[in-house]
Number of protein chains: 4
Amino acid sequence: MTKESAGQHDKEQWIEELLAVKEDGQMTPKQISILEAAIEIFSDKGFSAASTSEIAQKAGVAEGTIFRYYKTKKDLLLSIVGPTMSRMIAPFVMRNFNGVLDMPFESYEAFLRAFIVNRLDFARKNFKIIRILVQEIPFQPALREQFAENVLAQVLERVTAITEHFKAEGEVIDAPTPAIIRFTVSSVIGYLLARLLLMPEKDWDDEEEISQLITFMLHGIGGPALREQ
Amino acid sequence: MTKESAGQHDKEQWIEELLAVKEDGQMTPKQISILEAAIEIFSDKGFSAASTSEIAQKAGVAEGTIFRYYKTKKDLLLSIVGPTMSRMIAPFVMRNFNGVLDMPFESYEAFLRAFIVNRLDFARKNFKIIRILVQEIPFQPALREQFAENVLAQVLERVTAITEHFKAEGEVIDAPTPAIIRFTVSSVIGYLLARLLLMPEKDWDDEEEISQLITFMLHGIGGPALREQ
Amino acid sequence: MTKESAGQHDKEQWIEELLAVKEDGQMTPKQISILEAAIEIFSDKGFSAASTSEIAQKAGVAEGTIFRYYKTKKDLLLSIVGPTMSRMIAPFVMRNFNGVLDMPFESYEAFLRAFIVNRLDFARKNFKIIRILVQEIPFQPALREQFAENVLAQVLERVTAITEHFKAEGEVIDAPTPAIIRFTVSSVIGYLLARLLLMPEKDWDDEEEISQLITFMLHGIGGPALREQ
Amino acid sequence: MTKESAGQHDKEQWIEELLAVKEDGQMTPKQISILEAAIEIFSDKGFSAASTSEIAQKAGVAEGTIFRYYKTKKDLLLSIVGPTMSRMIAPFVMRNFNGVLDMPFESYEAFLRAFIVNRLDFARKNFKIIRILVQEIPFQPALREQFAENVLAQVLERVTAITEHFKAEGEVIDAPTPAIIRFTVSSVIGYLLARLLLMPEKDWDDEEEISQLITFMLHGIGGPALREQ
DNA sequence: CATGAATGAGGTTTCATTCAT
DNA sequence: CATGAATGAAACCTCATTCAT
C-alpha cells in the first residue's frame, strides 16, 4: 500500500487473506514487497504495460528475485488475482449443508442491505486487485475460466436460490429470475463503481445512499403520475 | 470486421462515421485497412499487448506505412476511439437551440425505451471500439479527459434536464437526480453488457427484455407482500 | 572468414553454396555478415556458449537485426548446418537414373582415392561448419533426424551399392558389407581428423599419405612374418 | 548412473576410481550425488547448457552445496573428466622400468585383441564421462592441455614403442609409424563408436566383430583380384 | 557442513520507430 | 506515397555464485 492511495481506501486486507491461504503463513518480507509492488503497478498501468523491472525496483528487490517466487510474470498475476477470486464468493458459500436452505435474512430488503454493505466493504478493501482482475479477465483465458467456474457459477447458484425463496414469499415479483438478478446486480455494481471508482472523493453518506438504492430497486423510480394508471 | 463476428454484430458502422468526420472523406484504402486491423487487434489483445507489426501484417501494409498516417501507436489508438466518443453523444445533442427544452418524448417510458433501443444499436455496431475504449480509459489520461469533457459532461447535462423534466411531470419520483441517473444508467448498461458481452449467443427477445427492464426500473422488483405494507 | 584461420583453410565455400540454395541468390550483405560471424563463434565456443550479442557485434549489426533474419538462435544454427548437410551427400547422389548402376570408377582403389580426395577438399572448405555440426548433433534432435534421414541413409545406400559391386568383381573381400564400410569410413575419417584438426600445421604430402592409407586399407599393415603363415 | 542406461552399459566404475584417487577415500554421499548428477546432465545437455541448479536438484542437494565442493561449475567439470583422463592411460603405463622394454604380448595380433577388448570395456564403463570429455575438449584449453600432455603423449610414446617392436619382428610392415598408429587407432575408435554410440542396441557378437576388424587391419579388405597382381 | 534466498549480470527476444530507397 | 531493413532500448527470464543462517 502506498501513500497516494492511503486516504482513499482502507489498508487492503489482501495480505492477511493471502497469508491465510498458505498453510503455515510462510511468506518472506521480500515476497510481500513483490506482491505489494506488483498490485500497485499492475493496477496503475495494466498487466501488459507493467514491467518486471519496475516492479522489482518498487519492491526493493533484484529483478531475479521475482522469478524465484513466480516462474513467470503471468504467474505473478495469477497468484495475485487467484486467491482474491476465491475470497469473492465467501459470503455466498454459507452453511446450508443440512439439507435445508439456510436463510439467515428475515426480508429481501435485509438481504439486499447486508449484501451491498458487505460487498462495498470487500470492494473497498480489495480495490486494486479487483481492478486488475476486471482489466485482465478479457485477455487471460486462465482467469476467465477460473472466474466462470469458481465465482460466477457459485454465486449465481446461491443468488438464484435466495431470489426464488423471496419470490415464493411474495417479496419479489414473479418475473424471470435471471432478469431479476441482472437488474439487481447491475444496480449494485453501478453504485459500487460510482462510489469507489468514478467519484471516490465525493463525501458519501453510504447508509442513506444504500437505502435510496434499495428503494429504487424494490419500488422503482416511477412517480405518482404513473401509479395512478 | 472479420468473418467470425459477422453473425454476431452488424457490420460496424465506424468507417462511414470516421469518414464523415474528415472534411472531404479523404481516406486511402490502406488507411482503412490499418484502422480495421488495429480495431480488431486492440480489441482482442489490448492496446499494450498489440504489436504494430501484427497490425501491419493483418492490414496488408508495410510496418512503416502505419507511421506515415499515425505518428505513434498511441496516436493510432486515439484516432480510433476519439471519433467514436464524439458519436456517442449524438442522440443527446438534439435540437433544443430555440430556447425551449425540446422534448420529443411523450412519456418517460417512451424516452427510456427509445434510449435503450438506440444505445443497444449503437453498442452493437461499435462493439469492438467500445471495448477498446473501456479497456484503455483507465490507462490513457488523454482519453479520460476527452471522455469526461466531451461525453460525460454533455450526456449528464442533457440527461439531467430530461430527468428533471419528467420529475416535474410526476412521472419520476422526487429523489436526487444523480441517484436516479446512476440507477437508470447502471440498469441499462447492465443489460447491454449481458446482452452483447456476457451471453451474446443466447437467443434474446430484445423487445420483451427491454419491456421487462423498464418495468423493473419504473416499478421495482418488490412483490405483492411489499406493497401491502 | 577471419584472419586467424585464413592460412589454414581455403576460403570456405559455404557462401556461394548457401546462395545457390536460395532461388535467386537473395542475401543481403548484413545477412552474410551474420552468418559469417555466427559460423566463427559457434565453431569457437559451441552453440550454447555463443551469445547472440557477440555474434551481432562481430557481424557489425544490431542485435535485433539477427532476429529479423532468423526467428531464434536455434534457427540461425539450423540455417547454417542444414544446407551444408545437403551438400554433404552431393558426390553420392550421382546420375544412375537410367536404371543401370552408374559406376564411374575403374577400380576400387580409384574409387577410394577419388572419394578421399573429394571429401578432404570438402572438409577443408567447410571445416568450421562441419565442426559445428559434429558438436551439436548430439544435442539437437532436429539436426540428428535430418542427418540420419538425409545424409546417413543416402550415403549408406550408395556406398553399400559400390562396395558390393567391387565385392562381386573380386576387388573387395567377401566379408559383411557393414563391417567393411565401418572400417573404410573410420580409416578415412581418422585421416581427415589428423590432417585438418589434430595437426593442421604439419607439412602434409597429401598424395603420398593417401596412397599409404589406401595401401593399408587394401592390404593391411601385417608384415612379412604374418604372410608366411 | 540411471535406470535408462542400466541395461546398456555396466555400472560406471568411476566412483571407485575417483575415490581411489583421493588419498583416503574421503567423499561424502552428497559429493557422490553431485558427481553422479553432473555426469548425467553434462552428458545429456552439454556443459554450457547444463545448469547448476538442475544438477543440484537431481543430486538432491542445495544449490550452494555444489559450490562448497567445487569452486566453480568449470571446476566440477574438470574434477569429473580429469581423473578419467588419468585412468585412460593405465594400460599403457606398464612396468618397463627395468630398462628392458617389457612386452607382455606374444604377437601383434594378441596385442591388438587385448587392446581392443580392454578399451571397449573401459569405454563401456566410462561412457558418459568420455562423451563429456570429447564434447568439451575443443572448448576447454585446460582439458586440451591435460589431454595432450598426460594422455596423448604417454600413449603415443608407448604405442610407438610397441609398434616398432613388432615392426622389428616383421609382424608389422615397414611403413612410417605415425601413419600406422593413425590407421590402427582410427579403426579401433571407429569400431567403438559404432558399437557404443551409433548402434548400441544392435545385437553385437563382439568376439567375432573384433576378429573381423583385426583381420581387416592386418590383411586389408582387398579381394582375390587384387592379390593376383 | 549445508542450506536456499538473494543477487545482478547477461541471455534471448520483441518492438515501436526511423529512414534510405 | 509506400516500403521494409535496420535499429537499440527494453522486455522477460536464467544462472553461476555468494552469504547469512
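In this structure a side-chain-to-backbone donor-acceptor pair under 3.5 Å is present from C:Lys73 to C:Ala50.
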Between protein and nucleic acid, restricted to nucleotides 13-16 of chain F and to nitrogen or oxygen atoms under 3.5 Å apart, what atom pairs and distances do you find?
{"unit_1": "F:dC13", "atom_1": "OP2", "unit_2": "A:Lys73", "atom_2": "N", "d": "2.7"}
{"unit_1": "F:dA16", "atom_1": "OP1", "unit_2": "D:Ala50", "atom_2": "O", "d": "3.1"}
{"unit_1": "F:dA16", "atom_1": "OP1", "unit_2": "D:Lys73", "atom_2": "NZ", "d": "3.0"}
{"unit_1": "F:dA16", "atom_1": "OP2", "unit_2": "D:Thr52", "atom_2": "N", "d": "2.6"}
{"unit_1": "F:dA16", "atom_1": "OP2", "unit_2": "D:Thr52", "atom_2": "OG1", "d": "2.6"}

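If you check every strand for non-hydrogen atoms under 4.0 Å, B:Tyr70 touches nothing.
Two residues are said to be in side-chain contact when any heavy atoms from C-beta on lie closer than 4.5 Å; A:Leu78 and A:Gln140 fail this criterion. Residues C:Leu35 and C:Leu76 meet the side-chain proximity criterion, which asks for heavy atoms closer than 4.5 Å.
Residues passing the side chain to side chain donor-acceptor pair (under 3.5 Å) test with B:Gln146: none are found, sequence neighbours excluded. By the side-chain contact (heavy atoms from CB on, under 4.5 Å) test, A:Ser33 pairs with A:Ala59, sequence neighbours left out.
Secondary structure note: stems in DNA chain E built from 3 or more consecutive Watson-Crick or G-U wobble pairs under 3.5 Å occupy E:2-21 with F:2-21.
Bracketed by its first and final contacts, the part of DNA chain E lying under 4.0 Å from non-hydrogen atoms of chain C reaches from E:dG11 to E:dT14 in 5' to 3' order.
Nearest heavy-atom pair across A:Arg144 and A:Phe139 is NH1-N, 4.4 Å.
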Side chain to side chain contact (heavy atoms under 4.5 Å, CB included) assessment of D:Leu133 paired with D:Thr84: CA-CA 9 Å; D:Leu133 175 63; D:Thr84 298; 5.7 Å; no
What do the steps show when you test D:Phe42 against D:Val81 for side chain to side chain contact (heavy atoms under 4.5 Å, CB included), and what is the final call? CA-CA 11 Å; D:Phe42 283 164; D:Val81 293; over 6 Å; no
Could you go through the side-chain hydrogen bond (donor to acceptor under 3.5 Å, both in side chains) check for D:Tyr69 and D:Ser79 one step at a time? CA-CA 10 Å; D:Tyr69 290 104; D:Ser79 66; over 6 Å; no
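Applying the side chain to side chain donor-acceptor pair (under 3.5 Å) definition to pairs two or more places apart or across chains, those involving residues 46-55 of chain C are C:Lys45-C:Glu54, C:Ser51-C:Ser53, C:Thr52-C:Glu63.
When each of D:Tyr69 and A:Ala62 is assigned the nucleotide of DNA chain E with its nearest heavy atom, D:Tyr69 is the one assigned upstream, toward the 5' end.
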